[in-house]
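Heads up, the thing below is written out as structure tokens.
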Amino acid sequence: MTDTGDNTLTVRDNRTGKEYQIQISDGAIKAAELGQIKIDEDSPGLSTYDPGFTNTASCRSSVTYIDGEKGILEYRGYPIEQLAEKSSFLEVAYLLIHGALPTKEQYDTWVHEITHHTFLHENVKTFMQGFRYDAHPMGMLMASVGALSTFYPESNNITDADNRHMQIVRMIAKMPTLGAWAFRHAQGKPYVYPDNELSYTENFLAMLFKMSEQKYVADERLVKALDVLFILHADHEQNCSTNAVRSVGSSQVDPYSSVAAGIGALYGPLHGGANEAVLRMLRRIGSKENIPAFIEGVKNGNEKLMGFGHRVYKNYDPRAKIIKKACDDVFEVTGVNPLLEIAQELEKIALEDEYFVKRKLYPNVDFYSGLIYEAFQFPPEMFTVLFAIGRTPGWLAQWLELVQDKDQKIARPKQIYTGDRTLDFVPSSERWAGDAGITPGIS
């Protein structure tokens with residue numbers, strides 16, 4: 001094969017002695033190129049084996065950039081630190097969906113659209129009221145988001161840009177309402193309808209906590225802190241739930257079904273439930289005095305250090321720094337969570353201990369977020385719902401990118417078959433002939 005330049009990979013197949021030149025583009029090779037490497041024309045070509053997609057790029061994306069070694073997270077090129085400090089969640093949502101920051105007119109229209117689509121059809125309310133009193137709010141959220149596709153059957157027309165926009169607005173608008181109603185359901189309290197006079201995050205807090213008062217007024221510091229948490233969770237590249245959204249979306253199903261798949265993935269304890277595990281760990285430690293013994297337990301393999309380390313980040317998770325700062329504002333209103341002192345001391349010791357430094361185990365976004373959620377008086381089962389509300393614009397931005405990407409095909413990974421082959425089937429009358437009460441020839 002002719003060399004196409006320096007930006008190629010030369011592969012020698014020692015089974016045949018043949019060499020192959022494979023083009024390198026953006027630090028990757030096309031997996032399909034490996035298919036040409038085979039023993040003979042009748043044999044299957046080479047493929048890659050990569051459980052968990054640890055080193056496989058499934059798409060090209062311009063939504064989120066991560067440099068795990070340097071601890072960098074950017075949405076559409078904007079550093080997460082700047083967005084958390086200077087922007088709002090709905091502005092970040094616009095940025096993720098549209099690819100650029102809005103003008104004043106675009107932003108006002110965007111906010112108006114979302115504000116006036118927060119209401120749900122009364123049948124959705126009836127549907128949610130049908131769940132058991134102890135139903136997990138994530139299960140309720142997943143089911144109700146999937147059910148929205150039946151209320152908006154036109155949503156399956158994913159080739160129409162205006163239709164796509166309408167479903168995206170509806171999804172971002174209705175997620176807080178669904179999340180709040182799942183919260184109220186678990187408490188046996190009446191569902192609270194949206195208030196169009198409130199901002200996105202203020203409205204969510206009102207639907208969560210409003211009781212008999214005429215108007216629920218949330219503390220501005222709490223509103224800002226929750227808005228920041230939504231921003232930090234808005235997208236995070238090709239994680240498990242985003243991969244689920246893209247994989248299901250590749251079948252060209254409606255966006256509600258795709259996002260429901262993302263919620264299902266986020267429901268898993270390895271994805272969305274890590275901050276709850278951090279709280280359990282801090283409670284088990286109990287006090288600062290017990291931290292040295294706990295650290296030794298981690299080193300000896302008897303304990304797990306939750307909230308440290310990340311699949312992508314090999315440096316301090318940039319989101320963790322921002323959340324740590326937000327803790328101060330929240331605890332100023334709610335009072336300091338006694339677990340905070342344990343968390344801060346644990347972080348201090350871990351960041352100085354060679355064992356953890358050598359392994360690049362730095363605090364991640366889950367280490368402090370659970371403390372803030374608990375300060376808001378959210379039960380642990382609501383933590384992942386909050387995550388899902390924040391992640392919705394990211395899921396939709398990724399879905400939108402997918403349906404407009406001409407390179408994308410329906411997801412269909414290969415497998416390496418490990419089972420039996422060419423077995424001869426024996427009828428049940430013969431297989432069971434020796435069993436008690438079975439007469440040969442009668443089945």
Side-chain angles (χ1 to χ4, degrees), residues 71 84 136-138 183 186-187 208-209 219 221-222 224-226 228-229 232-233 268-311 313-387 390:
H136 196 291
M138 272 299 277
F183 174 76
Q187 297 183 326
L208 288 166
F209 300 120
D219 190 289
R221 291 164 293 183
L222 297 182
K224 174 60 178 175
L226 190 55
V228 167
L229 284 166
L232 298 182
H233 285 115
L270 293 183
H271 191 4
N275 44 24
E276 184 181 348
V278 171
L279 290 178
R280 287 199 301 267
M281 175 191 72
L282 294 175
R283 288 195 180 93
R284 197 169 66 253
I285 293 172
S287 68
K288 286 169 61 176
E289 292 71 31
N290 296 333
I291 292 176
F294 175 79
I295 291 287
E296 282 305 308
V298 172
K299 292 178 182 178
N300 295 330
N302 300 322
E303 296 280 4
K304 284 190 175 181
L305 182 62
M306 308 305 297
F308 279 72
H310 195 276
R311 172 83 162 262
Y313 295 113
K314 306 307 173 191
N315 201 318
Y316 206 109
D317 184 337
R319 300 170 299 172
K321 292 180 180 179
I322 299 167
I323 285 183
K324 187 177 178 182
K325 195 175 176 183
C327 279
D328 296 335
D329 292 335
V330 172
F331 293 145
E332 194 175 286
V333 179
T334 65
V336 177
N337 188 326
L339 297 178
L340 177 64
E341 189 178 47
I342 301 172
Q344 290 174 328
E345 183 67 17
L346 182 60
E347 178 190 11
K348 180 176 179 292
I349 292 174
L351 290 178
E352 293 172 352
D353 193 300
E354 186 181 351
Y355 177 89
F356 300 105
V357 173
K358 187 178 178 181
R359 289 164 174 75
K360 298 185 178 181
L361 293 176
Y362 297 90
N364 59 40
V365 69
D366 298 306
F367 189 65
Y368 283 105
S369 62
L371 292 171
I372 292 182
Y373 291 151
E374 192 172 65
F376 273 91
Q377 298 184 341
F378 290 118
E381 55 269 22
M382 269 297 291
F383 293 177
T384 321
V385 173
L386 298 166
F387 194 148

For side-chain contact (heavy atoms from CB on, under 4.5 Å), just list the numbers for I323 and L232, CA-CA rounded to whole Å, side-chain angles, deciding distance to a tenth of an Å, and then say yes or no.
CA-CA 8 Å; I323 285 183; L232 298 182; 3.2 Å; yes

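- D353 places no side-chain N or O within 3.5 Å of a backbone atom of I349 that could act as its donor or acceptor partner.
- Counted within 6.0 Å of CD on Q377, heavy atoms from surrounding residues, nucleotides or ligands total 12 or fewer; the atom is thus considered open.
- The closest side-chain heavy-atom distance from M306 to R280 is not below 4.5 Å.
- Although no hydrogens or angles enter the test, the distance criterion places a donor-acceptor pair under 3.5 Å between the side chain of N290 and the main chain of I285.
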For a side-chain contact (heavy atoms from CB on, under 4.5 Å) check, start with the C-alpha distance between H271 and T384, then their side-chain angles and the critical distance, and finish with the verdict.
CA-CA 9 Å; H271 191 4; T384 321; over 6 Å; no

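- A search for side-chain hydrogen bond (donor to acceptor under 3.5 Å, both in side chains) contacts involving K224 returns nothing, not counting sequence neighbours.
- Residues L346 and L282 meet the side-chain proximity criterion, which asks for heavy atoms closer than 4.5 Å.
- Separation of atoms CD1 (I295) and CG (N300) is listed at 11.5 Å; rounding is to 0.5 Å.
- Between F378 and F209, the ring centre distance stays below 6.0 Å.
- Applying the side chain to side chain contact (heavy atoms under 4.5 Å, CB included) test to E341 and every residue at least two apart in sequence or in another chain returns K288.
- Scanning both residues, P363 and A320, for their nearest heavy atoms gives O-CB, 3.7 Å.
- The nearest pair of heavy atoms linking F183 to P379 is CE1-CD, 3.5 Å.
- Applying the side chain to side chain contact (heavy atoms under 4.5 Å, CB included) criterion to E289, with sequence neighbours excluded, gives S287.
- Considering only heavy atoms from C-beta on, M382 comes within 4.5 Å of L208 through its side chain.
- With contacts defined as side-chain heavy-atom distances shorter than 4.5 Å, the pair H233/L386 does not qualify.
- Nearest approach of D366 to V278, heavy atoms of both residues: O-CG2, 3.7 Å.
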Please table the atom pairs, donor to acceptor, closer than 3.5 Å between any side-chain atom in residues 328-340 and protein atoms at least two apart or in another chain.
| from | atom 1 | to | atom 2 | distance (Å) |
| --- | --- | --- | --- | --- |
| E332 | OE2 | R221 | NH1 | 2.7 |
| T334 | OG1 | V330 | O | 3.2 |
| N337 | OD1 | L339 | N | 2.9 |
| N337 | ND2 | E374 | OE1 | 2.8 |

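- Taking the side-chain hydrogen bond (donor to acceptor under 3.5 Å, both in side chains) definition, one finds that E352 meets it with nothing, sequence neighbours left out.
- The line from NZ of K321 to CZ of R319 is 13.0 Å long, rounded to the nearest 0.5 Å.
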Pair Y373, E276 - check side-chain contact (heavy atoms from CB on, under 4.5 Å), show working.
CA-CA 10 Å; Y373 291 151; E276 184 181 348; over 6 Å; no

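- Within the structure, every pair that satisfies the ring pair (Phe, Tyr, Trp, His ring centres under 6.0 Å) test and touches residues 350-371, not counting sequence neighbours, is listed here: F308-F367.
- The minimum heavy-atom distance between V228 and A84, with the atom names listed, is CG2-O, 3.6 Å.
- Atom CG of residue L279 and atom OG of residue S369 lie 8.0 Å apart, to the nearest 0.5 angstrom.
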